[in-house]
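First up is the structure itself, then whatever we jot down about it.
What you are looking at is a predicted structure, and each value in this text was computed from that prediction instead of being measured.
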Amino acid sequence: MGRRPGQPRLRAGPALARPALGDPDPWDVAQVNRVSALGRPWPALRWDAGRRPAALHCSTAPPVVTVQAEIAQALVELLAGITPALPTACPAPGCVFFFDAARSRRQWCSQGCGNRARAARHYARHQGTTTSGHSSI
């Protein structure tokens with residue numbers, strides 16, 4: 001399934017998320033900046049009689065472009081250090097996800113990864129401790 005005309009293509013996330021591997025491709029940076037500028041929402045005041053005033057976020061862009069722009073803006077804020085987030089790679093075996101280590105005392109991206117890491121540690125610790133070919137469990 002191809003992209004529709006006018007729909008931006010954003011492929012820069014993973015390339016930019018690993019600054020330790022070197023500088024990103026300038027094309028990737030340009031694409032993030034281009035998509036970030038699309039579909040900028042603006043606040044509009046809505047004040048119905050007898051109710052509290054509310055701020056609505058309006059945009060003339062299609063919903064897909066608005067979501068892509070929000071993702072690109074969040075990526076810029078994350079990589080530029082504007083947000084207090086601390087993206088950390090999950091240390092579980094085989095996991096490729098990141099999690100925000102600044103939000104809590106988390107060590108893994110999910111409970112499943114934590115369980116796999118603990119099981120791998122247990123297996124490594126008890127590997128070779130039995131004399132027969134059978135496990136002691």
Side-chain angles (χ1 to χ4, degrees):
M1 182 180 218
R3 351 182 239 124
R4 287 182 268 173
Q7 181 182 359
R9 187 176 96 172
L10 178 62
R11 70 172 186 90
L16 288 175
R18 295 189 173 94
L21 297 178
D23 293 332
D25 187 283
W27 187 88
D28 291 333
V29 175
Q31 291 305 307
V32 168
N33 290 333
R34 184 181 66 80
V35 174
S36 176
L38 295 174
R40 288 245 181 226
W42 66 89
L45 180 64
R46 180 175 182 167
W47 200 337
D48 296 330
R51 295 183 174 234
R52 290 183 60 193
L56 301 175
H57 295 281
C58 301
S59 175
T60 56
V64 139
V65 173
T66 302
V67 169
Q68 288 174 334
E70 287 180 23
I71 292 169
Q73 291 165 13
L75 180 64
V76 168
E77 291 174 3
L78 177 68
L79 295 177
I82 296 170
T83 63
L86 178 61
T88 305
C90 181
C95 185
V96 297
F97 291 110
F98 287 78
F99 65 96
D100 184 6
R103 294 181 64 190
S104 65
R105 294 175 34 200
R106 293 178 76 167
Q107 295 177 335
W108 301 283
C109 68
S110 68
Q111 287 181 344
C113 275
N115 289 341
R116 280 189 292 280
R118 285 188 289 276
R121 239 185 357 251
H122 174 81
Y123 181 76
R125 205 172 34 238
H126 294 290
Q127 187 68 9
T129 59
T130 59
T131 56
S132 68
H134 296 71
S135 173
S136 60
I137 299 177

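Residues satisfying the side chain to side chain donor-acceptor pair (under 3.5 Å) criterion with Arg46, sequence neighbours excluded, are Asp48. The side-chain contact (heavy atoms from CB on, under 4.5 Å) check on Pro26 picks up nothing, with sequence neighbours excluded. Under the side-chain contact (heavy atoms from CB on, under 4.5 Å) criterion, Ala61 pairs with Ser59, Val65, Thr66, sequence neighbours left out. The side chain to side chain donor-acceptor pair (under 3.5 Å) check on Asn33 picks up nothing, with sequence neighbours excluded. The side chain to side chain donor-acceptor pair (under 3.5 Å) check on Arg106 picks up nothing, with sequence neighbours excluded.
The minimum heavy-atom distance linking Ala69 with Leu38 is given by the pair CB-O, 2.9 Å.
For Trp42, the CH2 atom is densely surrounded, since the number of other residues' heavy atoms within 6.0 Å is greater than 12.
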Donor-acceptor contacts under 3.5 Å from residues 77-102 side chains, at least two apart:
residue: Thr88; atom: OG1; partner: Leu86; partner atom: O; Å: 3.2
residue: Asp100; atom: OD1; partner: Leu86; partner atom: N; Å: 2.9
residue: Asp100; atom: OD1; partner: Ala102; partner atom: N; Å: 3.1

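To the nearest 0.5 Å, atom CZ of residue Arg118 and atom CD of residue Gln111 are 8.5 Å apart.
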